[in-house]
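Here is the structure we will look at, set down as structure tokens.
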Amino acid sequence: MAAYWFERAWIDDRWQKGVRLLVADGRIASVETGVATMDGDERHRAGLPGLCNVHSHGFQRGMAGLSERRSRPDDNFWSWREIMYRFLDRLTPEDVAAITAQAYVEMLEGGFTRVGEFHYLHHDPAGAAYADPAEMAGAIVTASAASGIGLTLLPVFYAHGNFGGAAPSPGQRRFLCDINGFSRLFEAARTKLSGDANIGVAPHSLRAVSSGQLAELLSMSPTGPVHIHAAEQVKEVEDCVAWSGARPVEWLLANAGVDARWCLIHSTHINEDETAALAASGAVAGLCPVTEANLGDGIFPATGYVAAGGRFGIGTDSNILIDAAQELRSLEYSQRLSQRARALMASEEAPFVGANLFARALHGGARALGIPAGLAVGQAADFVSFDLDHPAFAGTDDDTLLDRWIFAARAGAIDCVWRAGVKYVEKGRHVDAGKIGAAYRACVARILA
Ligand code: NGQ
Ligand code: ZN
């Protein structure tokens with residue numbers, strides 16, 4: 001049994017003073033508030049639950065910064081995707097494990113304690129299944145174990161190149177399954193999980209999956225999370241309308257039984273009716289503001305969605321830059337830039353933007369990954385401490401603490417990060433950052449040589 005005492009900790013959606021946590025077997029055994037510290041407690045000044053990263057493609061970390069060069073006058077999401085397909089073309093399971101472990105180290109250092117890995121790079125470079133169909137899923141599990149991060153594995157079903165069952169492109173060959181092949185892959189992946197890892201199903205997008213296949217996938221995983229990319233690009237919305245007469249989120253809400261198990265990744269291009277209906281569905285919008293800016297996707301109507309009662313989680317998606325504070329900051333700034341106003345992701349009852357963003361991402365993220373949220377008895381001991389000596393916290397008070405982290409801290413605000421009761425990050429650095437970083441650098445150097 002380990003004991004931690006915090007001057008203040010984020011319990012039940014607010015800062016509470018004098019918080020003592022007892023941790024046993026990776027879980028929180030007791031939470032006391034308003035208590036004094038005792039001999040033997042490990043003491044910290046501010047503690048908060050780690051966030052869920054609802055959407056990651058781990059391998060894409062290996063190409064971060066390599067697609068920022070203009071190659072044609074109309075560089076866009078689709079030309080970026082070609083670069084991304086060329087990067088993944090020859091990756092081995094060992095490469096995927098090395099790159100993904102680095103991404104997960106950065107996630108822990110950036111305030112995330114669990115990741116939803118939207119995993120679609122399944123097959124060998126020729127597009128043939130490995131002898132173990134879940135070999136690549138095993139690489140993800142290896143990366144999560146090496147870093148310590150919690151894992152929600154989301155094996156992706158991918159069968160078509162566009163709406164209406166269009167043939168896939170050669171660059172997509174490593175992603176493709178039929179339903180039977182996917183069922184074997186899914187079950188083989190499940191057997192690789194341990195601890196509190198869980199699994200969900202991820203139809204890649206309405207571009208890649210037919211409606212019949214979607215129904216089969218849902219029956220394959222009747223209780224876990226369901227994640228799908230939706231309405232990220234305007235062209236995708238137009239193609240969906242041409243195919244079905246409905247927009248992607250509209251189609252899903254009308255035809256797929258979207259409920260609290262679902263996380264609709266991006267949902268960038270939604271009209272007012274879709275905004276209200278998505279909010280009412282109980283599903284989570286999986287927002288990835290840094291990637292969405294990087295790829296030129298557009299701006300999610302977050303203020304209207306939240307006003308309608310909508311839930312969201314945040315994801316690092318392409319892993320171009322991994323940092324929970326940066327995702328939340330980018331979300332607020334996208335709303336400010338488009339509405340030419342300030343302090344938007346807040347309300348009269350919850351006027352501090354940072355606290356409001358954090359609480360919403362905490363709850364929405366946990367729902368999206370199928371786990372309970374926050375620091376409470378029985379839950380995984382996944383928490384973060386701040387270094388209150390960081391200049392951004394000067395003269396801090398509880399109300400503005402999260403605003404200072406999200407808007408003003410650059411780097412260095414996070415001191416320690418515990419995951420399942422193990423301290424993986426100390427003074428802002430992962431305990432195995434040296435070893436995992438060296439393997440990562442060698443891997444990427446080899447790929448780029
Ligand atoms: C992905 N990523 O699957 O990695 C996608 C691009 C697609 C993002 N959307 C490919 N950020 O959507 O077809
Ligand atoms: Zn994605």
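Counting convention: from 1, in listed order, for ligands and their atoms alike. All values reported here derive from a predicted model rather than from experimental measurement.
Proximity of the aromatic rings of Trp10 and Phe383 is defined here by a centroid distance below 6.0 angstrom, and this criterion is not met. If you look at Phe175 and Phe157, their ring centroids are not closer than 6.0 Å. The ring of His227 has its center no closer than 6.0 angstrom to the ring center of His55.
When the salt bridge (Lys or Arg N to Asp or Glu O under 4.0 Å) test is applied to Asp178, no partner is found at least two apart in sequence or on another chain.
No more than 12 heavy-atom neighbours from other residues, nucleotides or ligands sit within 6.0 angstrom of CG on Asp12.
Note on His55: its N/O/S atom closest to the Zn ion (ligand 2) is NE2. Here the N, O or S atom of His57 that is nearest to the Zn ion (ligand 2) is NE2.
In this model, no donor atom of one side chain and acceptor atom of the other lie less than 3.5 Å apart for Thr268 and Asp297.
For ligand 1, the 4.0 Å heavy-atom shell takes in His57, Gln60, Phe77, Trp80, Arg81, Met84, Tyr120, His204, Arg207, His229, Glu232, His266, Leu295, Asp317, ordered by chain and residue number.
Geometrically, Arg173 does not engage Tyr158 in a cation-pi contact defined by less than 6.0 Å to the ring centre and at most 45° from the axis.
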